[in-house]
Amino acid sequence: MNQLQHETSPYLLQHANNPVQWHPWRAETLARAKAEDKPILVSIGYSTCHWCHVMERESFEDVEIADFMNAYFINVKVDREERPDLDALYMDACQILAGTAGWPLNVFLTPDLKPFFAGTYFPPDPGHKRMSWLQVLQYVHYNFQEQRIAVERQADRVMARLADTPGQPGPIGTIDPAKTEDLPNVLFRGLQQRFDPESGGFGTGKKFPNTMALEYLLNYFYYYRDQEALRHFRFTLSTMLKSGLYDQIGGGIARYTVDREWRIPHFEKMLYDNTLFARLLARAYRLIGRRKYKTALLQTISFLERDLRAPGGGFFSALDADSPAGEGRYYTWDKAEIEAVLGDDAELFCRYFGITEAGNWDGTNILYQPLDRFHYADKLKRDREELLESMHAARRKMLAVRNERMPLHRDEKIILSWNALMVSTYTEAYLATGETNLLESAESLLSFLERHFLQADGITCYRTYTNGKAANPATLRDYAFLIRAYLDLFQITNVRSYLERAVKMIDAVQDIFTAPETVFFSYARRDLTDLIRQQLDLEDDEMPSGNAAMLRNLQELGILTGDKKYRDRAGALLAAMSKSVQTHPLAYAAWANALLADDRGILEIAVIGEQAGAWKRQIEREYQPFRVLIAAEEPDDSLPLLAGKDAGDATLIYVCEDATCRTPLDSPEAFAAVYVKPPDLSRNK
C-alpha cells in the first residue's frame with residue numbers, strides 16, 4: 001500500500017493499493033520534491049468520477065507505468081472535494097495549458113509548485129490525437145531533464161496568465177457606469193440567446209440543470225411578467241422532470257445528461273445538485289403552484305434522506321455512476337424485469353415510461369416520460385388522478401426491488417458547504433409546503449454542522465467530516481453557505497443567536513478571505529501556506545461562487561444590522577462584476593440574481609404586535625424573490641427593522657423599500673393586496 005492508506009477521503013483510499021507511490025498533498029511531500037529536484041504530478045479527481053476510475057484501472061494499476069512514475073516523479077493525489085482551492089488553481093492552469101479541463105485532472109509542477117504541463121484523461125495506448133499516459137510521462141520527464149530552462153519559462157508564463165482575473169475591482173462604494181436602468185433586461189436577453197427552444201435548458205449540447213439561471217428566469221418573470229421567461233422556465237423544468245436526468249423511480253437528479261434531449265444521464269448523483277434542484281422546485285411551487293413541482297420536491301428530499309443521509313447526522317457527498325453490472329446499470333431496466341415486478345400493470349407502466357423490449361439505451365431502458373400524462377389518461381379513457389396514483393404505486397414497487405440491487409459506491413464524506421446548502425433547502429421546502437418536520441430537519445442539520453465542523457473559537461471551520469474526523473481548511477463557499485443557513489433560519493424562527501452567529505462569521509470572513517488590493521474574497525484563507533497563489537472564487541459553476549454567495553449575505557446583513565460596511569462591500573462587489581455578469585450571465589447566474597435584487601430592491605418587512613408570529617407565517621408563504629422578514633411582539637432597538645415601531649394594542653406590518661418606509665398595514669390581506677403579485681398563468685400553459 002502507498003501513503004494514501006492513512007487518509008479518510010474515499011477517493012484517496014480508492015488509490016491506496018495502486019503500485020504508484022501516491023502521496024497526499026502535504027508539506028513534507030512538497031519539501032521532498034524540492035530536495036530531490038523532481039517534478040510533481042498532481043492528479044485530482046473525486047470518488048464518483050467515472051473517467052477517474054477508468055484511468056486508474058488502465059494506467060495507475062499498471063506496474064510498468066507505476067515504476068516509471070515512482071522513479072521520476074513525486075506523485076500526489078488530491079480529492080477535489082476536500083481541496084477545491086487546489087482544484088480551482090490547477091484547473092485554471094490546465095485550461096491555459098491544454099485549452100480544456102475536467103476530471104481526472106493531471107498537472108505537472110516544478111518543485112516550486114508552478115504548473116508547466118497538464119491534461120485530463122490519457123488512455124493506455126495512443127490514438128484519437130491523444131498521447132498514451134506513458135508517452136506523456138516520458139515527454140514530461142525528458143523536457144524536465146533536458147529542457148529545464150524552457151520548462152521554467154513555460155511555468156512562469158502560466159503563472160502570469162493565472163494572475164489575470166475577470167472584473168476590475170473598483171473602490172468601495174463606487175457604481176459601475178455600465179450598470180444601467182435596463183440591467184435586468186440585458187441579463188435576461190443574454191440568457192435568452194442561449195435558450196434551447198426545442199429541448200429546454202441552455203445550449204444545444206449536453207444538458208446541465210443550470211438551476212441558478214432558471215431561478216433568474218423565475219425572478220425576472222415575477223418582476224416583469226415576461227411571458228417568454230416564464231414559458232422557457234416552465235418548459236425546461238417540466239422537461240427535466242419527465243427526462244432521464246430525473247430519477248423516475250427514486251427521485252433526484254443526475255449531474256447532467258450527455259445528450260441535448262435530457263434522455264441519457266451521466267448517472268452520478270451529487271448532494272449539491274439535488275439541494276439546488278429541490279430549492280428551485282420549492283420556489284417554483286410557491287409562485288406557480290403546480291402540484292408536480294411539490295411532488296418532485298418531496299421525492300428529491302426523500303431520495304437525499306434515504307440514500308445520502310449519514311446515520312449520525314449530516315449528508316454524504318455522492319453516489320457513483322458505476323456498479324458491478326456497468327455504468328448506470330443500477331438505474332436501468334429490462335422490460336422482462338418490469339413485467340416480473342408489476343405483472344398485469346407492466347404494459348401501462350412501460351408505455352408511460354418509454355420502456356421497450358429492445359431497450360432505449362445500450363440494450364436496456366432508462367425511464368423517462370415520452371407522453372403527456374393527461375393526454376395518455378384521456379387516450380386510455382382513464383381518470384387522470386387514478387392513472388397518476390397507479391403510476392406512483394408502481395414506482396414504489398419498482399423502488400423496493402431496486403433497493404435490493406447491490407448498492408452503489410457512496411462517497412461518505414460530509415462537506416460543510418454542501419450540507420449548509422441543504423439547511424437552506426429545508427427552509428425553502430418548509431416555506432413551500434408548511435410541513436414543520438422540514439423546519440425541524442433544517443435546525444437539526446445546522447446543529448450537527450456546528451458540533452462537528454466548528455472549532456473551539458466558534459468561527460474557524462473545517463471543510464470535511466469523514467469517519468468521525470473533521471479535516472481540511474474550510475473554503476469561502478463553506479463559510480458563505482453556512483452564513484446563508486444562519487440567515488435563512490433566523491428569518492423563519494426569530495432565534496436571535498442565528499443572526500449573531502452570522503454577523504460574527506461574516507466579520508471573520510472579511511478579515512481572513514479578502515484578497516489583497518481587491519474588493520473580492522479569495523477561494524481559500526489567506527494564511528494557507530501550501531498554495532502558490534490564491535484564486536478568486538468568482539464564476540458560478542455547479543453552485544453559486546463564494547463571492548456571489550457572500551454578496552447576497554452582505555445585502556441582507558446590511559438591512560438586518562443597519563451596518564453601512566456591509567452595504568458598501570456589497571456595492572463594491574456589484575460594481576466590480578457588473579460588466580462580466582452582463583457579458584456572460586449564464587456563467588455568472590448567481591451574480592445575476594444578486595444584481596436583480598439590487599436593481600429591484602430587497603423588500604424590508606417587520607411585523608410588530610401580539611399576532612406577529614401568526615401574521616409572519618402567512619406572509620412568508622408567499623413568494624417574493626428578495627426580502628428580509630422578521631417579527632416580534634414588541635419593538636427592539638437592537639434591530640433596525642424593529643426599532644421604534646410600536647404597534648400599541650394592534651399588530652402592524654411595516655414595509656420599507658429603497659430606503660423609504662410606507663404606511664403600516666393592519667393585516668396580512670392588506671399586505672398581500674399591495675405587495676404580493678400572483679402571476680397570470682392563463683397566457684402561459
Side-chain angles (χ1 to χ4, degrees), residues 172-173 212 215-216 219 222-223 279 283 417 420-421 423-428 430-431 442 446 476-477 479-510 513 519 521 544-574 577 590-607 616 619-620 622-632 636 638-643 654-661 675:
I172 288 180
M212 293 168 285
E215 185 180 321
Y216 184 86
N219 293 338
Y222 177 88
Y223 289 113
R279 184 180 77 173
R283 293 181 177 184
S417 55
L421 278 176
V423 174
S424 293
T425 292
Y426 270 134
T427 65
E428 290 281 356
Y430 162 72
L431 293 175
L446 183 57
L476 177 63
R477 294 187 192 191
Y479 286 95
F481 297 162
L482 182 58
I483 293 166
R484 168 50 48 194
Y486 282 134
L487 292 177
D488 288 341
L489 272 173
F490 167 66
Q491 292 181 71
I492 292 176
T493 66
N494 283 333
V495 174
R496 179 66 65 88
S497 61
Y498 289 143
L499 177 61
E500 292 167 352
R501 287 173 232 171
V503 170
K504 189 177 179 183
M505 192 161 283
I506 205 165
D507 288 342
V509 167
Q510 295 202 84
F513 281 89
V519 300
F521 299 97
S545 65
N547 275 276
M550 282 297 296
L551 169 55
R552 289 290 293 118
N553 293 339
L554 289 161
Q555 286 176 321
E556 292 193 10
L557 276 170
I559 295 170
L560 287 167
T561 66
D563 196 324
K564 185 174 181 293
K565 70 181 179 185
Y566 300 135
R567 296 195 300 272
D568 286 348
R569 187 68 181 269
L573 286 166
L574 285 166
M577 283 299 292
W591 287 95
N593 279 291
L595 281 165
L596 183 61
D598 180 70
D599 186 271
R600 301 304 301 178
I602 299 172
L603 207 59
E604 304 168 24
I605 310 166
V607 189
K616 174 177 167 291
I619 293 169
E620 68 189 1
E622 301 291 346
Y623 184 71
Q624 291 159 317
F626 309 113
R627 72 180 179 203
V628 170
L629 171 61
I630 56 177
D636 185 341
S638 67
L639 286 176
L641 290 187
L642 300 178
Y654 292 83
V655 182
C656 303
E657 53 185 338
D658 296 328
T660 302
C661 294
Y675 293 104

What are the two closest heavy atoms between [X] and [Y], and how far apart are they?
X: Val423; Y: Leu446; value: CG2-N, 3.9 Å
X: Gly558; Y: Arg567; value: O-NH1, 3.4 Å
X: Ala631; Y: Lys616; value: CB-CD, 3.4 Å
X: Ala590; Y: Ala548; value: CB-CB, 3.9 Å
X: Gln555; Y: Ala594; value: NE2-O, 3.2 Å
X: Ala606; Y: Leu642; value: CB-CD2, 4.0 Å

key: From CA spacing to verdict: side-chain contact (heavy atoms from CB on, under 4.5 Å), Ile506, Leu557   = CA-CA 9 Å; Ile506 205 165; Leu557 276 170; 3.4 Å; yes

inquiry  = Could you tell me if Arg569 sits above the aromatic ring of Phe521, with its cationic atom closer than 6.0 Å to the ring centre and no more than 45 degrees from the axis?
reply    = yes

ask   = Should Asp507 and Lys565 be marked as a salt bridge (charged side-chain N to carboxylate O under 4.0 Å, His left out) after you check the CA-CA gap, both sets of side-chain angles, and the distance that decides it?
value = CA-CA 10 Å; Asp507 288 342; Lys565 70 181 179 185; 3.4 Å; yes

ask   = Quick one: do Arg484 and Glu556 make a salt bridge, cutoff under 4.0 Å?
value = yes

request  = Indicate yes or no: does Arg496 engage Asp636 in a salt bridge with an N to O separation below 4.0 Å.
outcome  = yes

ask   = Excluding sequence neighbours, so at least two apart, what forms salt bridge (Lys or Arg N to Asp or Glu O under 4.0 Å) with Arg501?
value = Glu450

task = For Arg279, enumerate each residue passing the salt bridge (Lys or Arg N to Asp or Glu O under 4.0 Å) test, keeping only those at least two apart in sequence or located in another chain.
result = Glu215

Drop me the distance from [X]'s [atom1] to [Y]'s [atom2], to the nearest 0.5 angstrom.
X: Ser424; Y: Leu489; atom1: OG; atom2: CG; answer: 7.5 Å
X: Tyr623; Y: Tyr222; atom1: OH; atom2: OH; answer: 9.0 Å
X: Ile492; Y: Ile630; atom1: CD1; atom2: CD1; answer: 14.0 Å
X: Leu551; Y: Leu574; atom1: CG; atom2: CG; answer: 4.5 Å
X: Cys656; Y: Leu641; atom1: SG; atom2: CG; answer: 7.0 Å
X: Leu639; Y: Leu499; atom1: CG; atom2: CG; answer: 6.0 Å

ask   = side chain to side chain donor-acceptor pair (under 3.5 Å) between Asp488 and Tyr430: does it pass, once the steps are laid out?
value = CA-CA 11 Å; Asp488 288 341; Tyr430 162 72; over 6 Å; no

task = List the steps, then state whether side-chain contact (heavy atoms from CB on, under 4.5 Å) holds for Leu560 with Val503.
result = CA-CA 10 Å; Leu560 287 167; Val503 170; over 6 Å; no

message = Can you confirm whether Val607 sits close enough to Leu629 that some side-chain heavy atom of one is under 4.5 Å from a side-chain heavy atom of the other?
response = yes

query = Are any non-hydrogen side-chain atoms of Pro544 and Phe481 less than 4.5 angstrom apart?
reply = yes

query = Do Glu604 side-chain atoms and Ile559 backbone N/O form a donor-acceptor pair below 3.5 Å?
reply = no

message = Checking the side chain of Asn593 only, and the main-chain atoms of Met212 only, is there a donor and an acceptor separated by less than 3.5 Å?
response = yes

inquiry  = Students often mix this up, so state it plainly: with edges at 30° and 60°, are the rings of Phe626 and Tyr223 parallel, tilted or perpendicular?
reply    = parallel

message = Is it the case that the side chains of Gln491 and Glu620 hold a donor-acceptor pair, with the cut-off being a distance below 3.5 Å and no angle test?
response = no

query = Looking at Met550, Lys504, Arg552, which hits side-chain contact (heavy atoms from CB on, under 4.5 Å) with Ile483?
reply = Met550

request  = Check the pair Ile605 / Tyr654 against side-chain contact (heavy atoms from CB on, under 4.5 Å), numbers first and verdict last.
outcome  = CA-CA 6 Å; Ile605 310 166; Tyr654 292 83; over 6 Å; no

task = For side-chain contact (heavy atoms from CB on, under 4.5 Å), just list the numbers for Ser545 and Trp591, CA-CA rounded to whole Å, side-chain angles, deciding distance to a tenth of an Å, and then say yes or no.
result = CA-CA 8 Å; Ser545 65; Trp591 287 95; 3.3 Å; yes

inquiry  = Using side chain to side chain donor-acceptor pair (under 3.5 Å), reason through Asn553 and Tyr486 one step at a time and then give a plain yes or no.
reply    = CA-CA 10 Å; Asn553 293 339; Tyr486 282 134; over 6 Å; no

